[in-house]
Amino acid sequence: MSYIASILNNPIEYLKGVGPQKGELLRKEINLHTFRDLLEYFPFRYIDRTRIDKIRHLSGMEEFVQIRGRIVHMEVVGEKRAKRLVATFQDETSRLELVWFQGWQWMEKSLRENVQYLVYGRMSQFNGKLQISHPDMELVTEETAEGKQTLEPVYYTTEKLKTRGLTAKAIGKLSRNLLEQLSLAEIRENIPAQVLQQYRLMPRSQAYFKIHLPASEEEAKQAQRRLKFEELFIAQIRICRIKLRRHKNSQGYVFNAVGDVFNTFYNDHLPFPLTGAQKRVLKEIRKDTTTGRQMNRLVQGDVGSGKTMVALLSLLIAIDNGFQGCLMAPTEILAQQHFKGISELLKDLPVNVALLTGNVKGKARKEILAAAAAGDIHILIGTHALLEKEVVFQRLGMAIVDEQHRFGVAQRARLWEKSDTPPHILVMTATPIPRTLAMTVYGDLDVSVIDEMPPGRKPITTVHRTEYQRPQVMGFIKEEIRKGRQAYIVYPLIEESASLDFENLTKGYEEVKAFFPEPKYWISMVHGKQPQDKKEANMHRFVTGDTQIMVATTVIEVGVNVPNASVMVIESTERFGLSQLHQLRGRVGRGAEQSYCILMTGNKIGKDSQERVKVMVQTNDGFVISEKDMELRGPGDIEGTRQSGLLDLKLADIVQDRAMLAAAREVAEKILTDDPDLALPENQPLHDFLATQRSKSAWSKIS
Ligand code: ADP
Ligand code: MG
């Protein structure tokens, strides 16, 4: 039986109980087009109706109750608009009241005294009496005499659907209609048997029935578990396949040699021994560049973990193999910093390093462009100016993108076009994303992690201070400056109001100035609204130590390296997310001195802010913080996840179910490693399932 012929492809209106009008509504309101859509329209919770309560045992504190008994008296009370129907309901233990404020005329006609009803509803108390308003009323049948056999699924519905009779309950009825005419064989397995067994997952067909009609909480849970796993597993299979395909198809340069430049630098000029993590990642890069396939690797490493050195050594390998390399940074200042640092490190080697940013103009620019095209420049460092068409290389073999989250996928693709065979691509990011999530959102990128800090770093001391303590905080900064250190004071960006933002900052600036008067102290101020050259000039004065204090908005968040700065004061900490706080804190603690991060808040702060502050004070570990950030904010707010298409998940939640996500990832990788074309008999179900799936265009966009 093929999927095409399956009744699951039938238009929803053909289902018993639907018809053209309701069909139209279901399509428009909740996007149900086919039988399959309804089958996949899962309840969001269940009501336990397997139990019958005794009225005498009810305290009024219960949320929902189910009782069985009969109406002994009914009457309409109240005047005009306050009219309502009140029924006295009795079981073998006691009595309570059922009340209808709306639709009571109809209820009065249809309800009967002295027959057995099963009543279900939300408990309340009125004038000390137990009451249920607008309960569900069902005549007791043989089957329901001892309660119902299943949990009752509750489906999401809309106001509009409700007014047309498509209540949660009615939708439940439709899905029962569907399940009644569906044979188990219609729902074919798509997970290999061995995996089902390993993770103790119920068969697919069973899961679809049980999720709609579970006999117990446990059964509902198991059905959900199975379907969540499926969702994550299929997603991972897709991602891994895209990656495999790209590996197979993308020719890359082969870097066979580790030659003079690399060796000379490594043996004679390396300023410090590499950390184990740096070595490991470098090996991974080495390996990638010898396979004959294009490398697409993401290096994730916390702020200060030493990504630049890994980048530089990778560039040297390219040079030793007769290629050019480029390093692209998200800001002018960062590009300059890289240029300065790398030029200095390579000054005794025959390597030609150049800087190209928007500020390099006229003759100088022409010369650089010509030299890059002629192959005379070995390493070109720059901003996104590097992406422009006029930038041509003779033989670009390695392109490195620093702080990748500032660059879009499309921009990265433009780098590939700078060479017939695309260059190897290395993207580096300090935006901490939990490992499993990184693998997922970065799709076809291979991920390396620098999970070790260079030795000798003193952990940054982080403290929480409130407005009351401002004088002491300022005094502390003074003390640090006296010791020759520098300090950042950062104000939040208030996105809704740029002018308020500026006001905030300038007010802060004036305040700081009052504490730190010229000419004893000099202050730099940097914000997003400044013209580029002014911004850079102010930044530069801080970098060179001409100013001791940098007052700024979050423009300084990424990459800036001023090892002499030892204090980071974050104003209105409440307004920052955890990841951002961590990034900002990473601006200090880069030198040999003990550094401090001071989180300023109002005297009273909310619970969430309190939690964030607590996490910051407790840990310096970017991965721990990113996990926590995800818990607090949900994955939707984590950089990169929003566009990933992965959040279309119906059941699984990549935060709560991240252990399952990791397992699904592992299984998917293993299956595709052993059987890339899914040709083995045990993978047949999976193969067939994927072949019949509607193509989901979102997947091809992941990078
Ligand atoms: P990030 O990963 O944030 O880009 P950087 O590459 O800027 O970090 O490195 C941060 C600082 O650590 C720099 O001053 C760098 O020279 C230093 N560093 C990098 N690797 C090591 C190492 N293995 N040992 C000691 N210091 C190191
Ligand atoms: Mg860096």
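Remember, it's 1-based here, ligands and their atoms both numbered in the order they're listed. Everything numeric in this text was worked out from a predicted model, so none of it was measured.
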Heavy-atom distance to [atom]: which of [options] wins?
atom	options	result
atom 1 (P) of ligand 1	K307, R587, E452, M453	K307
atom 8 (O) of ligand 1	A311, G306, G276	G306
atom 25 (C) of ligand 1	G589, G586, P454	P454

For [X], take its heavy atoms, then give the atoms of ligand 1 lying under 4.0 Å from any of them.
X	value
T308	4 (O), 5 (P), 6 (O), 7 (O)
P273	22 (C), 23 (N), 24 (N)
S305	2 (O), 8 (O)
T275	23 (N)
R457	10 (C), 11 (C), 12 (O), 17 (C)
R590	3 (O), 7 (O)
L274	23 (N)

Problem set entry | Contact summary for Q278 and S305, nearest pair of heavy atoms |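 For Q278 and S305, the tightest heavy-atom pair comes out as NE2-O, 3.8 Å.
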Between [Y] and [X], is there a salt bridge with N-O shorter than 4.0 Å?
X	Y	value
R470	E571	yes
K287	E284	no
K340	E344	no

Exercise. What about G301: any of its N or O atoms under 3.5 Å from an N or O on ligand 1?
Worked result: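 In this structure, G301 places no N or O atom under 3.5 Å from an N or O of ligand 1.
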For this session: Could you tell me whether some N/O pair between M309 and ligand 1 is separated by less than 3.5 angstrom?
Result: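 Min N/O separation from ligand 1 is not below 3.5 Å for M309.
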Exercise. Under 4.5 Å between any side-chain heavy atoms of L316 and L346, yes or no?
Worked result: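 A side-chain contact under 4.5 Å exists here.
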Exercise. With a 4.5 Å heavy-atom cut-off, do V526 and F542 have their side chains touching?
Worked result: no
For this session: Check each heavy atom of M428 against ligand 1 and say whether those closer than 4.0 Å belong to the side chain, the backbone, both or neither.
Result: neither
Exercise. So is Q583 in contact with ligand 1, going by heavy-atom distances below 4.0 Å?
Worked result: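 Heavy atoms of Q583 never come under 4.0 Å of ligand 1.
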Exercise. Below 4.0 Å from any atom of ligand 1, is there a heavy atom belonging to G456?
Worked result: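 Distance cut 4.0 Å: G456 fails for ligand 1.
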Problem set entry | Inter-residue atom distance I450.CD1 - R280.CZ, 0.5 Å rounding | 8.5 Å
Exercise. Have D288 and H424 got a donor and an acceptor in their side chains that come within less than 3.5 Å?
Worked result: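 No, no side-chain donor-acceptor contact under 3.5 Å.
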Exercise. With sequence neighbours left out, what residues match T462 under side-chain hydrogen bond (donor to acceptor under 3.5 Å, both in side chains)?
Worked result: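 side-chain hydrogen bond (donor to acceptor under 3.5 Å, both in side chains) list for T462, sorted by chain: R585.
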For this session: Go through the structure and list residues passing side-chain hydrogen bond (donor to acceptor under 3.5 Å, both in side chains) with N359, not counting sequence neighbours.
Result: E332, E536
